[in-house]
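So the structure is just underneath, and the comments pick up after that.
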Amino acid sequence: MLVPRTHEEAVETARRLAAELAPGAAQRDRDGADVVPTEALGLLDSSGLLAITVPASDGGPGLGPETLAEVARIIAAADPAIAQVPQAHFLLVDVLAVHGDPGQRKQIFADVLAGRRIGNALAERGGKHAQDLKTRVTDGRLDGVKYYTTGALTSTWIAVSALLESGRLVLAFVPRDAAGVQVDTDWDVIGQRATISGTATFTAVPVSVVLDYASAYEIPQQLGARAQLYHAAIEAGIAGGALADARSYLREKARPSTEAVRAGASRAVEDPHVMYRYGRLASRVRAASALLASAASELAEIGLVPADADAAARGSLAVAAAKAFASEVAVEAGSELFALCGTSSAASKYDFDRHWRNARTHSVHDPVDWKYHHIAAYELADVLPPNHGQL
């Protein structure tokens with residue numbers, strides 16, 4: 001397996017992967033958790049893309065957020081569920097790069113460079129709030145139940161947020177095949193179905209790799225911003241995928257409406273209202289991609305460890321704008337496709353509704369309104385955004 005070493009190589013690899021993934025995306029969506037997408041994930045794992053952000057000092061190419069955002073966007077346009085599977089993987093590579101000791105980095109990065117993934121087990125159900133964790137590490141053993149465990153089912157490592165006996169929040173890395181690890185396929189949602197982000201149960205699992213930064217809610221601002229950039233890239237990719245399907249359908253299948261024919265159109269693409277709506281949507285999709293690229297450039301300039309609080313704020317707010325806007329455009333594109341293409345495009349054989357379902361499911365990971373709130377607070381009153389990983 002060759003790991004892409006330059007931005008250009010990584011983008012070209014992502015395009016080839018996307019071309020292989022696209023034909024099966026609709027069927028994987030229909031299958032949901034009933035069929036683990038092992039073939040598609042095998043293509044991802046063998047692409048070399050999982051290692052593109054491993055630092056050069058640890059044997060990787062050390063490619064930055066500009067490359068990662070474009071790679072994620074390209075893959076998400078073909079299949080956003082497969083694109084989401086390594087979302088936490090890339091965050092955890094960054095966490096290890098900044099906070100892992102040499103032994104921890106050597107052990108886990110060797111697997112990453114060989115095409116093996118890190119899954120996540122951060123979220124729990126049933127607590128009073130998202131940070132109310134019940135999972136514990138006691139006497140070096142991990143016990144707890146997690147949900148929304150994207151990537152864990154087919155990963156090599158699972159990163160698990162837990163509390164020590166002292167109450168200290170940590171991030172424990174455990175092998176997926178360790179005794180006491182069970183990952184289920186109880187994933188029944190309207191979108192991003194092929195992520196199979198179900199329940200993971202840990203029973204007296206031995207823990208050897210422990211980091212102090214333990215969950216997405218405690219990861220420092222800049223690392224969180226890079227993770228949110230990946231979120232934004234998936235939304236921009238979903239929007240682009242919906243637009244591409246609308247374009248193909250309009251050019252190849254759609255018929256003009258009666259009103260359009262009376263107005264002189266002989267094809268759907270000659271309908272002036274279709275042209276207006278498509279042009280408006282295409283402009284917004286491109287704007288989402290431009291905001292994504294701008295935010296990635298801002299993070300690249302700032303680096304993994306910001307010089308000061310203001311630099312960290314600039315990075316996280318640039319990403320907040322990109323993610324908020326891309327989330328809105330993705331949902332809009334998934335709906336607008338049908339307004340553009342007409343009733344026949346709603347036939348289940350096309351599975352076009354997956355675009356809206358994927359966008360709606362993925363976009364509600366954290367509230368868009370708070371992103372706009374923090375952008376305004378910073379620009380109008382110089383209020384720094386909160387230093388956490390969810391902005």
Side-chain angles (χ1 to χ4, degrees), residues 53 64-73 76 80 83-84 87-88 90-91 94-95 98 122-123 129-131 148 192 213 215-240 284-333 358-391:
T53 59
E66 292 164 304
T67 301
L68 182 60
E70 183 63 2
V71 164
R73 186 192 66 80
Q84 188 183 345
Q87 182 169 298
F90 287 108
L91 165 63
D94 283 348
V95 172
V98 175
L122 304 178
H129 49 77
Q131 301 177 53
Y148 303 116
Q192 295 297 83
Y213 289 98
S215 80
Y217 314 103
E218 291 294 325
I219 286 168
Q221 192 169 358
Q222 188 67 358
L223 298 183
R226 289 166 71 102
Q228 291 294 314
L229 183 74
Y230 198 99
H231 271 266
I234 290 178
E235 294 295 335
I238 293 172
R284 287 171 61 77
V285 171
R286 288 168 190 160
S289 295
L291 266 179
L292 175 71
S294 176
S297 178
E298 187 78 41
L299 291 187
E301 180 182 339
I302 294 168
L304 265 176
V305 182
D308 52 41
D310 193 65
R314 289 200 316 273
S316 62
L317 290 172
V319 173
K323 184 172 186 289
F325 186 72
S327 296
E328 293 175 349
V329 173
V331 171
E332 177 187 0
N358 288 336
R360 186 71 285 172
T361 300
H362 189 262
S363 65
V364 293
H365 276 67
D366 44 89
V368 165
D369 290 356
W370 277 106
K371 299 182 188 302
Y372 288 132
H373 172 95
H374 292 306
I375 291 168
Y378 181 74
E379 295 197 4
L380 298 177
D382 299 319
V383 178
L384 292 175
N387 184 24
H388 62 60
Q390 288 281 290
L391 181 57

Between [atom1] of [X] and [atom2] of [Y], what distance do you get to the nearest 0.5 Å?
{"X": "Ile234", "Y": "Ser363", "atom1": "CD1", "atom2": "OG", "value": "11.5 Å"}
{"X": "Tyr148", "Y": "His365", "atom1": "OH", "atom2": "NE2", "value": "8.5 Å"}
{"X": "Ile238", "Y": "Arg73", "atom1": "CD1", "atom2": "CZ", "value": "12.5 Å"}

Under the rule for salt bridge (Lys or Arg N to Asp or Glu O under 4.0 Å), what residues qualify as partners of [X], not counting sequence neighbours?
{"X": "Glu298", "answer": "Arg314"}
{"X": "Glu332", "answer": "Arg280, Arg284"}
{"X": "Arg360", "answer": "none"}

Checking Gln228 side chain against Ser316 main chain: does a donor-acceptor pair fall under 3.5 Å? no
Can you list everything that forms a ring-ring contact (aromatic ring centres under 6.0 Å, His included) with His374? Sequence neighbours excluded, please. Trp370
Residues in ring-ring contact (aromatic ring centres under 6.0 Å, His included) with Phe325, at least two apart? none
Show me the pairs that pass salt bridge (charged side-chain N to carboxylate O under 4.0 Å, His left out) and involve residues 315-325, at least two apart or across chains. Lys323-Asp366
Nearest heavy atoms of [X] and [Y], plus distance in Å:
{"X": "Leu304", "Y": "Asp94", "answer": "CD2-CG, 4.0 Å"}
{"X": "Ala300", "Y": "Pro65", "answer": "N-CG, 3.5 Å"}
{"X": "Ile302", "Y": "Ala311", "answer": "CD1-O, 3.0 Å"}
{"X": "Pro385", "Y": "Ala313", "answer": "CD-CB, 3.4 Å"}
{"X": "Ser289", "Y": "Ala236", "answer": "OG-CB, 4.5 Å"}
{"X": "Leu229", "Y": "Ala295", "answer": "CD1-CB, 3.9 Å"}

Given the rule in the side-chain contact (heavy atoms from CB on, under 4.5 Å) test, do Tyr378 and Asp310 qualify, once you have shown the distances and angles that lead to the verdict? CA-CA 10 Å; Tyr378 181 74; Asp310 193 65; 2.6 Å; yes
Checking side-chain contact (heavy atoms from CB on, under 4.5 Å) for the pair Tyr230/Leu91: CA distance, chi angles, key distance, verdict? CA-CA 9 Å; Tyr230 198 99; Leu91 165 63; over 6 Å; no
Just checking, is any N or O donor in the side chain of Gln87 or His362 under 3.5 Å from an acceptor N or O on the other one? yes
